[in-house]
Amino acid sequence: MLNLRDPSLLREQCFVAGQWISAARTIAVTNPASGAVVAHVPRLGATETRQAIDAANGAWPAWRARTAHDRSALLARWHALILENQDDLARIMTAEQGKPLAEARGEIAYAASFIQWFAEEAKRVYGETIPSPISTQRIVVTKEPVGVCAAITPWNFPAAMITRKAGPALAAGCVMVVKPASQTPLTALALAALAERAGIPSGVLSVVTGSAGDIGTELATNPLVRKLSFTGSTEVGRHLMQQTAATVKKVSMELGGNAPFIVFEDADLDAAVEGAIVSKFRNAGQTCVCANRLYVHSKVYDQFARKLADALKALKVGSGEEEGVRIGPLIDDAAVRKVEEHLADALERGAQVITGGGRHALGRSFFEPTVLVGVTQAMRVAREETFGPLAPLFRFETEDEVVAMANDTEFGLASYFYARDLGRVWRVAERLEYGMVGVNTGLISNEVAPFGGVKQSGLGREGSRHGIEDYLVIKYINMAGIESPRTNQLN
Ligand SMILES: NC(=O)C1=CN([C@@H]2O[C@H](COP(=O)(O)OP(=O)(O)OC[C@H]3O[C@@H](n4cnc5c(N)ncnc54)[C@H](OP(=O)(O)O)[C@@H]3O)[C@@H](O)[C@H]2O)C=CC1
Ligand SMILES: O=C(O)[C@H](O)CS(=O)(=O)O
């Protein structure tokens, strides 16, 4: 059992249409560090998903009719409850996802920040008037909630990926059905329990767990659903875009990445090492914005490699509940096998390990933080998202060469570089084909900036003032007949 101040936050039922429901068939949720079963959640399918969608559709008129101030107050209450229960939510997250408790607490605060941000943005959904070309007409533009929304979220950020969608949706006056990842449903269900306690009305927010295919197909094809927001693999994102096309749903896609992390010869090397640790090894390398390729100028390559390897040796690997642990287990054995495949391919093609290099002595899905040198563009690590604690170092000579290599991918989510020459900073920031660029930092995620990618890393933006736009539709009202008073009054 988890040591929670409020054990009622550990829910083994789904929140559907304002009711907590069970099912005969369940899914076991296991702790990736120990393999222990943490809880069981219902294995729901299309029927319950339809019930959640119908309830959302029924709740929508009253929810959209509330004032923005009213919705904002309820979101603010949800935000306060999330922070009041931060420790319990973090323990639940670490138990099901594996990340160190300190990181889990950080994610809960990050997740809560989206609720707070969009509680405020709810009151700033402005329309406009446009000077009419016809004197007897007035042109008014309003923004309205898109309607019933669906969210499908991944296991790597079990809280933030939900609030980054539910926050703007509910703030805009939409309603939402969420399907969390089957490996990390408990955080989502705890958030739903707190939303209910905050007074968010029945049907406005539902959480369904179970078969991804059955639930996903219902969410992607039910005509009542007007928008689908997805965070996860590009492969599944493409599949969902195909499924939603039949009913022309709005979609937001936050998909895979392949972030370059470039260290120029004029970089502050200690700062670059610190940035590389944050960008590459947060969540054990399981984030879509992780540095996936580290390009280091030949003049500083050996020094940077040595500094990075030394810094990695100081990072404690272990169970997320353990004090001082910085690198937890990967989500499952499939994730470890993907890292091993990338490592083996690089070694076969001439790369060398300078620290780490295999599964950790702790066993299960623990993996040694690893640095590879002598890496080239011909290796799989250059083309595929590793999603693990493997830092491949590539050597480069010129700015043009490294920008070309950095852009040589179908992905375009996050990118990072360290340099101090002002001209270079502007040139490289403008030439990188990515939705986000970190300059002299390895951590760019927050609620105020537009998070998202270009190319095959996705569509739309989350967070910032832009994030609520994806949950709104524009209405144009032409008010005609505004003539001068007629002599013969109509009545
Ligand atoms: N951009 C990002 O932030 C993320 C990128 N990834 C990338 O994706 C790779 C695989 O990770 P993984 O977690 O398996 O990502 P997936 O894309 O497989 O899963 C993400 C979510 O999509 C759901 N899903 C899976 N298949 C379908 C489907 N056919 N229809 C509807 N929903 C579906 C999953 O449900 P269920 O859990 O029940 O299968 C989960 O809720 C990672 O190695 C990484 O490269 C992964 C996570 C986040
Ligand atoms: O999906 C992810 O990996 C997250 O978006 C990463 S972040 O928002 O925590 O940077």
Side-chain angles (χ1 to χ4, degrees), residues 27 29 41 43-46 49 96-97 99 103-104 106-111 113-114 150-165 178-185 188 207-221 228-244 252-259 278-279 282-292 330-332 334-339 341-342 384-388 411-414 416 435-436 438 442-447 449-453 456-458 461-463:
I27 299 171
V29 182
V41 296
R43 185 187 295 273
L44 303 182
T49 304
E96 64 177 353
Q97 199 271 347
K99 66 179 68 176
E103 275 197 36
E107 186 191 334
I108 296 300
Y110 176 49
S113 73
F114 288 105
I152 299 177
T153 56
W155 48 263
N156 59 341
F157 287 85
M161 294 309 97
I162 289 175
T163 59
R164 200 156 75 177
K165 297 168 177 24
V178 178
K179 189 214 102 43
S182 296
Q183 291 168 303
T184 56
V207 177
V208 291
T209 61
S211 156
D214 296 346
I215 295 171
T217 297
E218 187 61 35
L219 292 174
T221 60
L228 183 141
S229 180
F230 172 72
T231 295
S233 63
T234 298
E235 179 193 354
V236 173
R238 287 194 195 101
H239 171 70
L240 290 168
M241 287 178 71
Q242 286 167 350
Q243 284 192 310
T244 53
S252 295
M253 293 281 151
E254 200 265 277
L255 307 176
N258 182 7
V278 166
S279 171
R282 179 163 67 106
N283 202 9
Q286 300 172 115
T287 92
C288 61
V289 291
C290 275
N292 201 58
L330 299 194
I331 189 68
D332 56 22
V336 177
R337 290 198 300 274
K338 185 176 182 183
V339 179
E341 287 169 11
H342 283 186
E384 300 169 14
E385 192 175 34
T386 302
F387 237 62
F411 294 109
L413 191 58
Y416 310 88
M436 301 179 284
L443 186 60
I444 55 177
S445 305
N446 55 60
E447 75 283 13
F451 186 106
Q456 297 186 37
S457 283
R461 291 295 182 267
E462 295 190 303

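Just so we're clear, the structure is a prediction, and the values are computed from it rather than from any experiment. Each ligand, and each atom within it, is numbered from 1 in the order the structure gives.
Contacts of Glu447 with ligand 2, taken as heavy-atom pairs under 4.0 Å, are absent altogether. Under 4.0 Å from ligand 2, the heavy atoms of Arg164 that appear belong solely to its side chain. Under 4.0 angstrom from ligand 2, the non-hydrogen atoms of Met161 all belong to its side chain. Contacts with ligand 1 closer than 4.0 Å are made by side-chain heavy atoms of His239 only, the backbone lying farther away. For Thr153, every heavy-atom contact with ligand 1 shorter than 4.0 Å involves the backbone, none the side chain. Of all the heavy atoms of Trp155, the ones lying under 4.0 Å from any atom of ligand 1 belong exclusively to the side chain.
Those atoms of ligand 2 with a heavy atom of Thr287 less than 4.0 angstrom away are 3 (O). Atoms of ligand 2 found under 4.0 Å from any heavy atom of Asn156 (numbered from 1 in listed order, with element): 1 (O), 2 (C), 3 (O). Counting the atoms of ligand 1 from 1 in the order shown, those under 4.0 Å from a heavy atom of Asn156 are 3 (O), 48 (C). Atoms of ligand 2 found under 4.0 Å from any heavy atom of Glu254, numbered from 1 in the order shown, are 1 (O), 5 (O).
A donor-acceptor pair under 3.5 Å links the side-chain atoms of Thr287 to the main chain of Val289, judged by distance alone. In this structure, the side chain of Asn258 does not engage the main chain of Asn292 through any donor-acceptor pair within 3.5 Å. Panel note: side chain Glu103, backbone Arg282; no donor-acceptor pair is recorded below 3.5 Å. Without hydrogens or angle criteria, Asn283 side chain to Asn156 main chain gives a donor-acceptor distance under 3.5 Å. Side-chain atoms of Thr244 come within 3.5 Å of backbone atoms of Met241 as a donor-acceptor pair (strictly under, hydrogens ignored). Without hydrogens or angle criteria, Thr153 side chain to Ile162 main chain gives no donor-acceptor distance under 3.5 Å. A donor-acceptor pair is defined here as one N or O able to donate and one able to accept, closer than 3.5 Å; no such pair exists between the side chain of Thr184 and the backbone of Pro158. Between the side chain of Ser457 and the backbone N or O of Gly412 there is at least one donor-acceptor pair closer than 3.5 Å. Side-chain atoms of Glu385 come within 3.5 Å of backbone N or O of Gly257 as a donor-acceptor pair.
Residue Leu255 holds the heavy atom nearest to atom 1 (N) of ligand 1 of all those in Leu255, Ile331, Asp332, Asp214. Of the candidates Met436, Arg282, Glu103, Gln286, Arg282 brings a heavy atom nearest to atom 9 (O) of ligand 2.
The protein heavy-atom contact nearest to atom 27 (C) of ligand 1 is Val236 CG1, 3.6 Å. When only non-hydrogen protein atoms are considered, atom 3 (O) of ligand 2 lies nearest to Cys288 N, 2.7 Å. Scanning the protein for heavy atoms near atom 7 (S) of ligand 2, the closest one is Ser445 OG, 3.5 Å. Of the protein's heavy atoms, Ala212 O, 3.6 Å lies nearest to atom 31 (C) of ligand 1. Given atom 8 (O) of ligand 2, the protein heavy atom at minimum distance is Tyr110 OH, 2.7 Å. The protein atom (non-hydrogen) at minimum distance from atom 10 (C) of ligand 1 is Ser233 CB, 4.2 Å. Here the heavy atom of the protein found nearest to atom 6 (C) of ligand 2 is Phe157 CE1, 3.6 Å.
At least one N or O atom of Lys179, backbone or side chain, sits closer than 3.5 Å to an N or O atom of ligand 1. On a distance-only criterion, Lys338 and ligand 1 share at least one N/O pair closer than 3.5 Å. For ligand 1, the polar-atom distance check finds no N/O of Gln183 at less than 3.5 Å from any of the ligand's N/O atoms.
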Exercise for review: Show your working on side chain to side chain contact (heavy atoms under 4.5 Å, CB included) between Lys165 and Ser252 and close with a plain yes or no.
Suggested key: CA-CA 9 Å; Lys165 297 168 177 24; Ser252 295; over 6 Å; no

Practice item. Take Cys288 and Phe451, measure what side chain to side chain contact (heavy atoms under 4.5 Å, CB included) needs, and give me the verdict at the end. Key: CA-CA 11 Å; Cys288 61; Phe451 186 106; 4.0 Å; yes

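Within the structure, ligand 2 lacks Glu462 among the residues with a heavy atom less than 4.0 angstrom away. At least one heavy atom of Phe230 sits less than 4.0 Å from an atom of ligand 1.
In this structure, Lys99 is positioned above the aromatic face of Phe157, its NZ or CZ under 6.0 Å from the six-membered ring centre and within 45° of the axis.
Residues Thr49 and Lys179 bring no donor and acceptor atom of their side chains to less than 3.5 Å of each other.
By the definition of a contact as any protein heavy atom under 4.0 Å away, atom 43 (O) of ligand 1 is in contact.
Arg164 has a carboxylate O that lies under 4.0 Å from a charged side-chain N of Glu254, or vice versa, which qualifies the two as a salt bridge.
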